[in-house]
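Because only heavy atoms are used, hydrogens play no part in the values below, and waters and symmetry mates are left out as well, while side chains stay in. Residue numbers start from 1 in every chain, and the chains themselves are labelled A, B, ... in the order their sequence lines are given, proteins ahead of strands.
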Amino acid sequence: MSNFLQSLNPAQRRAVEAKSGPVLVLAGPGSGKTRVLTHRIAYLIETLGVDPFNILAVTFTNRAARELKERLEVLLGAGRAHALAVGTFHSLCARFLRRDIVHLGRGRDFIIYDSDDQLRLIRRVLNEFKLDEKRHNPRTILARISSAKNELVSPAEFARLNRDPLDELVARCYLRYQELLREANALDFDDLLVEMTHLFSQHPELLERYQDRFTHLLVDEYQDTNRAQYTLIRQLSARQRDLFVVGDDDQSIYLFRGADVRNIRQFEQDFPEAQVILLEQNYRSTQSILDTAQAVINAGAKRPHHKRLWTENGTGSQVSLHEGYDQDEEASFVADEITRLIGTGEFPAHECAVMYRTNAQSRAIEEAFVRRGLPYQISGGTRFYERKEVKDLLAYLRLAYNPFDSVSLLRVLNWPARGIGERTEQELQRWAGELGMPLFQALRELEGGTPHAPFTARTSSALIAFTQLLDELSKSGHELPLTTLLDRITDRVAIREALKREYDPLEAEDRWNNLLELRNVATNYLNLPLEAQLSTFLEEVTLVADVDKLEQNSDKVTCITLHQAKGLEYGAVFLVGLEEGLLPHSRSSDDRDQLEEERRLLYVGMTRARRRLYLCYAFKRTSFGRANLSTPSRFLADIPRGLVKPPVRRPTAPAQSSMFSSRSVLGDRRSSPSDGLPRSSSRPRAAPPPEAISFFSGQRVRHAVFGEGLVISSKLVDGDEEVTVRFADRERRLLATFARLERIEG
DNA sequence: CTACTGATTTTTTTT
DNA sequence: AAATCAGTAG
């Protein structure tokens with residue numbers, strides 16, 4: 001038996017050496033799940049003699065894929081696992097489709113649309129249908145379409161299943177949206193999965209080929225798979241059934257993206273012969289951290305697989321709770337404390353992380369770090385590849401690859417300005433729609449001198465010049481090295497000059513530097529064969545996530561959203577903004593399942609910490625330029641008193657002494673069940689000061705005219721309380737003194 | 001067609 | 001507080 005198994009504990013070892021067949025590893029946080037996964041692969045190769053070429057491993061991020069490969073190299077020796085297929089569902093599907101999508105009657109040179117492209121396309125659809133964006137939020141429609149796709153519901157099925165007026169509209173948009181995607185030879189994120197399942201179901205012989213090749217299938221973060229991914233797993237493992245999945249239903253935090261916890265909870269029903277292995281020993285955190293995290297997760301809804309985590313790491317320091325006066329003071333505390341931790345040598349900067357619910361929260365943190373000269377790295381926010389100038393240049397690049405990409409075409413039709421205004425743009429779209437042609441093809445008609453084009457001579461010549469530019473680019477697209485192509489575009493389109501024209505010198509320089517950075521990234525692709533450079537570059541640019549780019553040992557503090565933090569670990573973790581409305585987020589507080597997910601999100605955050613955990617909230621928070629008083633997160637109330645070091649009272653914050661009086665760390669403020677919605681009666685803010693809010697998110701209220709509604713948020717505006725309430729039709733903002741809202745109990 | 005200005009809106013979370 | 005939008009003047 002190979003010696004690399006020596007280091008595993010019995011449960012891990014049982015998982016790694018499990019006999020071929022469906023295996024479900026339920027792994028608590030820090031239980032060595034990644035280790036089990038890598039060792040399992042190593043075991044397959046080394047001990048069972050499986051050819052790496054026959055193994056498919058699906059990870060949740062590209063970063064995890066990279067790390068998996070690196071660990072395998074360490075275990076097996078460099079190059080041994082080279083033929084292994086590792087990646088996210090999306091990148092693997094992109095790779096497979098690049099080769100086999102022709103079986104679906106589509107070209108290999110498809111473009112992948114990101115969320116920004118998707119939004120532009122759906123706007124075009126709404127525009128085509130003469131629908132007002134104000135009345136029909138494009139994002140909402142897109143979200144409906146996306147979840148339909150994640151459940152593998154086609155436009156036709158969607159129309160059949162959903163008959164109410166709103167859904168009828170969505171159905172129409174969905175159908176047209178798909179038509180336009182196809183016309184542009186583009187796939188959106190969801191399509192990568194959907195088309196792959198189509199490929200398999202429509203071409204059994206092809207599926208067989210994949211089944212023959214991938215005799216061993218491993219899936220990480222199984223709790224976050226959606227219907228489409230589940231279907232792919234079922235399809236691929238249908239014959240061999242050597243399926244090895246690893247996950248933790250307590251860490252399921254991607255419901256909003258279509259993740260379906262049932263996939264993990266029903267694994268044993270799906271595969272009756274499945275072996276289930278629980279990993280409950282935690283190697284990451286101290287007992288204090290583990291107890292605190294478990295107090296939060298166990299206060300939630302019952303789960304079928306209840307794990308009891310334990311550790312031999314010792315008690316460690318108590319978890320700290322900190323109340324800041326506002327977000328700036330909260331950030332200052334974090335920055336000071338991290339400075340102290342680095343100063344005492346307890347942790348280097350890269351062992352410290354700040355985690356928050358929304359990207360917007362990073363700003364205050366960032367400012368505090370900048371003021372102190374603390375080095376940091378932020379993942380998320382405005383991403384590099386989403387910056388306007390970067391996307392503009394990428395649009396040209398995409399057009400060089402595939403000129404039918406209409407979203408990119410419209411994006412640069414008049415950038416830099418070339419005298420093609422909005423009017424012309426509309427007319428071009430209308431005309432192309434009438435001809436039933438992609439925009440580029442319509443432009444070619446025009447270039448060819450069709451007599452029926454609806455443009456004046458002047459507009460025509462501007463359009464024809466643009467068409468010639470595209471022709472030129474798409475010709476060079478397939479025959480030039482990537483950087484040469486980029487330079488050619490930049491010169492030909494005079495991008496630098498355009499930037500100088502549009503922005504003041506400093507900003508123009510900034511944006512130009514971003515483009516140089518993009519060119520710099522492109523140089524990494526020059527060693528690929530010429531025909532693969534452009535496609536690989538475009539694909540990776542769209543599929544690479546921010547979290548993939550975090551540096552590991554950079555000696556910088558990491559600032560990251562709770563979602564992205566999944567799978568990572570740090571010596572010291574600061575969770576900030578643990579307040580009602582933020583965690584749980586106000587958009588999640590009216591739905592039981594979503595509320596549970598918020599709880600798990602906190603659990604995920606807490607269990608990232610190895611030795612020190614800080615839970616922070618602010619007394620007052622400014623959002624949208626307005627200050628509101630905040631309430632500590634209801635989840636904090638689930639932590640028994642004694643587990644956590646109570647906050648040091650801040651002189652600036654008004655006394656709320658009643659809050660820390662009994663069983664929970666926040667005192668016994670609530671009588672409602674811990675996983676239920678807070679009830680108005682259970683929030684005795686004993687003697688509300690004249691300036692205090694009396695409505696809280698989650699409350700049900702009645703209004704004389706609008707009827708029943710749900711409080712989304714409440715804040716003080718010029719001494720009056722402004723309550724945002726979601727009524728049956730829409731959200732409304734009401735002034736409490738004026739609207740006379742009536743609270744409804746239960 | 002572009003460029004300016006005041007008004008309005010924006011924040012979940014992500015491959 | 002910042003970004004985007006709508007309307008208008010040039």
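- At a threshold of 4.0 angstrom between heavy atoms, the contacts of A:Ile420 are confined to the sugar-phosphate backbone, with no base atom among them.
- Aromatic ring centres of A:His136 and A:Phe129: separated by at least 6.0 Å.
- Comment: A:Asp117 engages A:Lys391 in a salt bridge, judged by a side-chain N to carboxylate O separation of less than 4.0 angstrom.
- Counting non-hydrogen atoms under 4.0 angstrom, A:Asn414 reaches the backbone sugars and phosphates but no base.
- Side-chain atoms of A:Ser115 lie closest to B:dT15 of the nucleotides B:dT11, B:dT15, B:dT13.
- Each of C:dA2, B:dC1, B:dT15 was ranked by its minimum atom distance to the side chain of A:His90; first place goes to B:dT15.
- Summarising the geometry, the separation between CG on A:Asn137 and C1' on B:dT9 is reported as 12 Å, rounded to the nearest angstrom.
- For A:Arg182 and A:Phe110, the positive end is not near the middle of the six-membered ring at less than 6.0 Å and at most 45° from its axis.
- In this structure, A:Asp188 atom CG and B:dT14 atom P are separated by 18 Å, rounded to whole Å.
- The side chain of A:Thr424 places an N or O atom within less than 4.0 Å of a non-bridging phosphate oxygen (OP1 or OP2) of B:dC1.
- Considering only the side chain of A:Thr88, B:dT15 comes nearest among B:dT14, B:dT2, B:dT15.
- Using a 4.0 Å cut-off, some side-chain N or O of A:Thr561 falls inside it from OP1 or OP2 of B:dT14.
- Of all heavy-atom pairs spanning A:Tyr603 and A:Ala293, the tightest one is CD1-O, 3.4 Å.
- Among the protein residues, A:Tyr254 comes within range of the sugar-phosphate backbone only, with heavy atoms under 4.0 Å from sugar or phosphate atoms but none that close to a base.
- Picking from B:dT2, B:dT11, B:dT14 the nucleotide with the shortest atom distance to the side chain of A:Arg587 gives B:dT11.
- Candidate nucleotides B:dT11, B:dT2, B:dT14 were compared by shortest atom distance to the side chain of A:Asn359, and B:dT14 ranks first.
- In this structure, the nucleotide among B:dT11, B:dT13, B:dT15 sitting nearest to the side chain of A:Phe624 is B:dT11.
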Given side-chain hydrogen bond (donor to acceptor under 3.5 Å, both in side chains), test A:Gln361 with A:Thr358 step by step and report yes or no. CA-CA 6 Å; A:Gln361 288 169 259; A:Thr358 66; 3.1 Å; yes

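- Taking the six-membered ring wherever Trp is involved, the centroid distance between the rings of A:Phe96 and A:Phe214 falls below 6.0 Å.
- Atom NZ of A:Lys388 and atom P of C:dA2 are 21 Å apart (whole Å).
- For C:dT4 and B:dT13, the C1' atoms lie 22 Å apart once the distance is rounded to whole Å.
- Rounded to whole Å, the distance from CD1 on A:Ile112 to P on B:dT15 is 14 Å.
- Of the candidates C:dA2, B:dT15, B:dT13, the closest approach to any side-chain atom of A:Arg363 belongs to C:dA2.
- The OH-P distance, from A:Tyr603 to B:dT13, rounds to 24 Å in whole Å.
- Among the protein residues, A:Glu425 comes within range of no part of the nucleic acid, since none of its heavy atoms lies under 4.0 Å from any strand.
- For the pair A:Gln564 and B:dT13, the criterion of a side-chain N or O lying under 4.0 Å from OP1 or OP2 is not met.
- Following rounding to the nearest Å, A:Glu597 (CD) and B:dT14 (P) show an atom-to-atom distance of 12 Å.
- When rounded to the nearest whole Å, the span between CG of A:Leu193 and P of B:dT14 equals 18 Å.
- In this structure, A:Glu596 places its CD atom 21 Å from P of B:dT13, rounding to the nearest Å.
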